[in-house]
Amino acid sequence: MGPYSAVIDAEVPASWRPLPCPFCLMPLMGGHAECQDCSQAPPRRYVDALPPPQPLALQLLGAPTQGKSAYLQALLFLLPRLTRLWSRFAFSPATEDTRQRIERAIVAAGEGRRPEPTRSSKVKGSTTKSPSTPADASADAPAPATEVDADAPEPIDAQPSSVSARDFLMLLVYGLPLVWGTTRTLVLHDLPGAEFSRLKLEPARMPFVHRAPRCLMFFKLPDIEKQQGDAPALLMAAYVEALLACGIQLRDQSRQVIVVLTHAESARTLPASLRRYLIRDPVWATVATESSAAPHSTEFDGAHLRDYLHDMRLAHDHLRAWLSGFDAGNNFLRLAAAYGVDVRLSLVSASGAAQVTEAEFAGWQPHRILDPLLWALELDREARALAGEQPS
Amino acid sequence: MDCITDPLGFPMLWVDEVGAYVHALPVTKAQLEAAMTRRGSPFSKSDWETAQEANARVPLDALDPDTYWSAFFTGVIPGRATEFARFCGAEFRVPSADEWRCAFGALAIRPPHDAWDAMLACSSDRARALMERLAAIPVDAIRWHIGEEASLADRMFFRLGVMEWVVLSHSPMRDESERFGGLGMPAPALWPTLFDPALGTPLRSRAAVTAPHRAFGFRLFRERDKEDRWGRTPQ
């Protein structure tokens, strides 16, 4: 079954299918000016790209202070350096918001500043569909800043509104290894942690929850270690509840949750094998060199990539065994198994060091930041292979 | 093995690859105490109190795998580290980042035992007592923490020691945080990090150059005495 089989018939060859809307994953019909389902205007760079870049759509789920924003900051900080990893790699922000977020992330991580928490982009006094116009969503148009009341507390009991283009981080990525499809559109839907603190997910606000086959769930590893509460299992239950509310039957449509365990540097009881896995990160080792002009001594492809993915799977197995030693971890894993949700575990450190004070040190050193995305690409590849699709 | 001691009796090992003697350990509180008692020392009780606040002293016989880092002199700003080097002598210096990395790389592939024994042999009684107390700790700590066998660099606490100040630039036109950086992997109790000393750029910290940071310490490198015109080095 194809990854977007909920909305697109997998029997139809990929090249014949209508391009999915990057905001809601419904097929874009009758020209690409505006999605008929969510009324968003897909960015021109997305619809005009050749070949059509299949979106890798991921909903980010995580309560406040679980490391979601820090992860994104580290990922965007690392992004330009990935050109040192693959000789053909290039990226382009598909929206102006994304471009600005990349700029801010590079500066903030370079100066050692912690990220600002994700702000709500709900439109003041409106619960209607997003006001975005084609011009807003185009890559060249500046984002309207006045519509957002970033400092106002989020009214949790507000009526669910539809999605806003500003909550999406959208990147066209070129030159990936062929197995994942060399050109992809990475779409991450990021909402403020407060949206998850009530532990009731609103599918109208989170279209990828029910329409994309996988999502990222963020948990702070030291909290699990300290046996503080049962937040992981509660979020899993909320996720499954949201799926059921949308009529998704987990028996028929598999769902995969990629768990991102953050603040790994501060974990006190992590086994040596996992700490070594974190420290010996070949991606960081490759991109940590000062010069971007360094030759590509080892292309992160072929055997190197196979070794990396093999280690990533081993780390998942070790993490599963280690997490089972904590009540919260055990409950989460068993609950996922009971619901039939496939869980993959990853371990990341956004800055490479525990940060006690603001700007304690300059120059973040992100470790294993790509793992959650590599899991998503791998699971996507497996799903496409099962559907008989060839990578393009 | 070519070993000497600093003026306070703590051993230094010759590292050919760097062309310098390298302190066997990051500078310890025992060295600070010894320096404070010397006539004309620039170090006083306030330095001691700062070090205590950053990382409280533990008696020698209580140093164990859970407290060993308290033997190190941390909470040091770069200005005090260079002052300490000046106090030790004109040949002493805070190393550059390249020198530090070069020493780490060279010592990381050396077997630990012979050089350690040579350094013990040339140490003062006080230094020897401390080194004997600390000797076994990194072997177990590295195995437990990272699952690797300890090298000579590990026994010298290049990893799981302190964040060590290194010189990035000598230009007086630059800000202190651009002239000094940190290298090493500090003990997790001082500062949990995933830093690999062999990788990345040295850590720059505006906070740690102006106010004591509990993880930041240093070790000194020393040039070999100049040969006289007959090729002899002074003893």
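Residue numbers start from 1 in every chain, and the chains themselves are labelled A, B, ... in the order their sequence lines are given, proteins ahead of strands. These numbers come from a predicted model, not from an experiment.
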Residue from A:Ala353, A:Gly363, A:Ser351 scoring the most non-hydrogen pairs under 4.5 Å with chain B is A:Ala353

Is the closest side-chain heavy-atom distance between B:Leu199 and A:Gln365 below 4.5 Å? no

- If you draw a 6.0 Å radius around CZ in A:Arg313, do more than 12 non-hydrogen atoms from other residues or ligands fall strictly inside? yes

Listed by number, the residues in residues 272-282 of chain A that come under 4.5 Å of chain B (heavy atom to heavy atom) are A:Ala272, A:Arg275, A:Arg276, A:Leu278, A:Ile279, A:Arg280

Expected contact set for residues 62-80 of chain B against chain A at heavy-atom separation under 4.5 Å reads none

Looking only at B:Arg206, B:Arg143, B:His213, the option with the highest number of non-hydrogen pairs under 4.5 Å against chain A is B:His213

Under a 4.5 Å heavy-atom criterion, the part of residues 155-171 of chain B in contact with chain A comprises B:Arg159

Listed by number, the residues in residues 186-195 of chain B that come under 4.5 Å of chain A (heavy atom to heavy atom) are B:Trp191, B:Pro192, B:Thr193, B:Leu194, B:Phe195

